[in-house]
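For reference, the structure discussed in these notes is given below.
What's counted below: heavy atoms across the whole structure, side chains too, no hydrogens, waters or symmetry copies. A, B, ... follow the sequence lines: proteins, then strands. Residue 1 opens every chain.
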Amino acid sequence: MTLSVESLSFAYGPRKALDGLTFTLAPGSFTALLGPNGAGKSTLFSLLTRLFVAPQGRIAIAGHDLTRAPLKALAALGCVFQQPTLDLDLTTRRNLLYYAALHGLTGPAARASADEALATLSLADRADTPARSLSGGQRRRVELARALIHRPAVLLLDEPTVGLDAASRRTITDHAHALARQGTTVLWATHLTDEVAPTDRCLILHRGRLLADAPAATLAEGSTLTDRFLTLTGDPA
Amino acid sequence: MSRYLAALTAILHRELARFLGQKSRLVAALVRPLVWLLVFAAGFRAALGLSITPPYQTYITYETYILPGLLGMICLFNGMQSSLSLVYDREMGSMRLLLTAPLPRGWLLFAKLLAGTLISLLQCGVFLGIGYAWGIRPPLVGLVAVIPALLLVGLMLGALGLLLSSLIRQLENFAGVMNFVIFPMFFLSSALYPLWKMAEASPALANACALNPFTQGVELIRFSLYLTPNWPALGWTLLATAVFAAAALYGYDPARGFTRTKG
């Protein structure tokens, strides 16, 4: 398995944010992590990216235990955070090259990877544009291109379409699905059920616990995914 | 290039490019100590008589006395400014990008610390140049000898800034903490007046000044400028740097999780 989470628990003081979470993701799969606000999605992402460490449970990325071999595990991970993380004063390409260097890629190899990633996301003509001048959708695409520059085995996307228009949302969801077909393991956190394709595997997270784990079409049987999600979580989608 | 060096170079390059791209930041950083040097010192020259104390071998002007203190002031403000930018980076998310890089967190924080210190050094260089043109002229060799001292003091104050940034969760809280750190550190030090003069007014205050790591840093700069060893100041500055850096590293420990925010 490319990503494995075992009995993961985490609390902010007395409030449990994750409670015994267990799941695995197969190579080249697209999985939607659905949950209402406050379900524990961002906490899970913070633990997967080792922004903080859970006192209980185990995470393995591409076969590397995140506690015992954090650097190898993080090297196999790409992440698009919920918060914008572009340096607005730098150009698109320089943003990518900075990230590449943090992952040990420099010189011509880094430039080639950056240009390739930008071309894949139709941003080649924006390479020398300061990030500040890009639209919201373009900035998100740049963040996605940046997360791919070191060819990670696992790609995490934490509500990457928040605040974007329909066309930009479609572009980014389609690209994430294409990446999964090409072999990248994608975990896509969202609270928007319309971003989930019927064939996508769905993990429904609520109050730190996994309520459901099945393909979206199976979950939605006889109803819609939105209705099923609302029934399970009792929250508006 | 090793992964470590690649990341260090990238972080240094990014921080320097950002600093040089903000001309107003350089001007703002220099205006403060220049006002003290060119206006305040001129006004107080007559009021504050100074006796001959090491490392000076003759009577000196007040401007000459406060020059090392103002270099310390540049490092202090820059250290706090870097800390402020870390809090901002954390709120804005770019800190996440840095901390999730596949490198030891200590190394990534050291790179940030070094970048901030080099910016302090750059500002100090320009300030010393202006001071030299104004007629405040330490020995030329002293201008070289002071570089490692400034580097160490910059690291110490940067590490303090790093520590503060690990404790402050919101940008709004920063201004208050700055008032509790910058002003006491600067005024309870030998930057503007020698400790013996402070002791005349209050021995307790003079003791507090002597315990202040900023005083030790300023004295290290002062003695280095005049090519005189000051081992106690060096020792205290090294110790304070190590303590602040270790505490900052603890503050940023993922197991402790200062970055925790509700999610």
**Study point:** Test side-chain contact (heavy atoms from CB on, under 4.5 Å) applied to D87(A) and R18(B), step by step
**Key:** CA-CA 10 Å; D87(A) 190 329; R18(B) 281 178 78 179; 3.6 Å; yes
May I ask you to test the [X]-[Y] pair for a side-chain heavy-atom distance under 4.5 Å?
X: M95(B); Y: Q83(A); result: no
X: R3(B); Y: L105(A); result: no
X: R50(A); Y: T100(B); result: no
X: F52(A); Y: L99(B); result: no

Point to revise | Heavy-atom contact with chain B under 4.5 Å, split by part of F45(A) | key: neither
Point to revise | Atom pair OG1/CG of T85(A) and L98(B) - distance to nearest 0.5 Å | key: 11.5 Å
Practice item. Look up atom CZ in R96(B) and atom CZ in F81(A), then write down how far apart they are to the nearest 0.5 Å. Key: 6.5 Å
Practice item. Determine, step by step, whether D253(B) and V53(A) satisfy the side-chain contact (heavy atoms from CB on, under 4.5 Å) criterion, reporting the C-alpha distance in whole Å, the side-chain angles of both residues, the deciding distance to 0.1 Å, and the verdict. Key: CA-CA 9 Å; D253(B) 181 355; V53(A) 173; 5.9 Å; no
Review point. How close do P102(B) and L71(A) get, heavy atom to heavy atom, and via which atoms?
Key: CB-O, 3.3 Å
Study note, to complete from the structure: L102(A) and L103(B) have their tightest heavy-atom pair at O-CD1, 3.8 Å
Review point. Non-hydrogen atoms of chain A under 4.5 Å away: do they reach the side chain of I11(B), the backbone, both or neither?
Key: both
Taking atom [atom1] of [X] as the centre, does the number of heavy atoms from other residues, nucleotides or ligands within less than 6.0 Å exceed 12?
X: H175(A); atom1: NE2; result: yes
X: R94(A); atom1: CZ; result: no
X: W36(B); atom1: CH2; result: yes

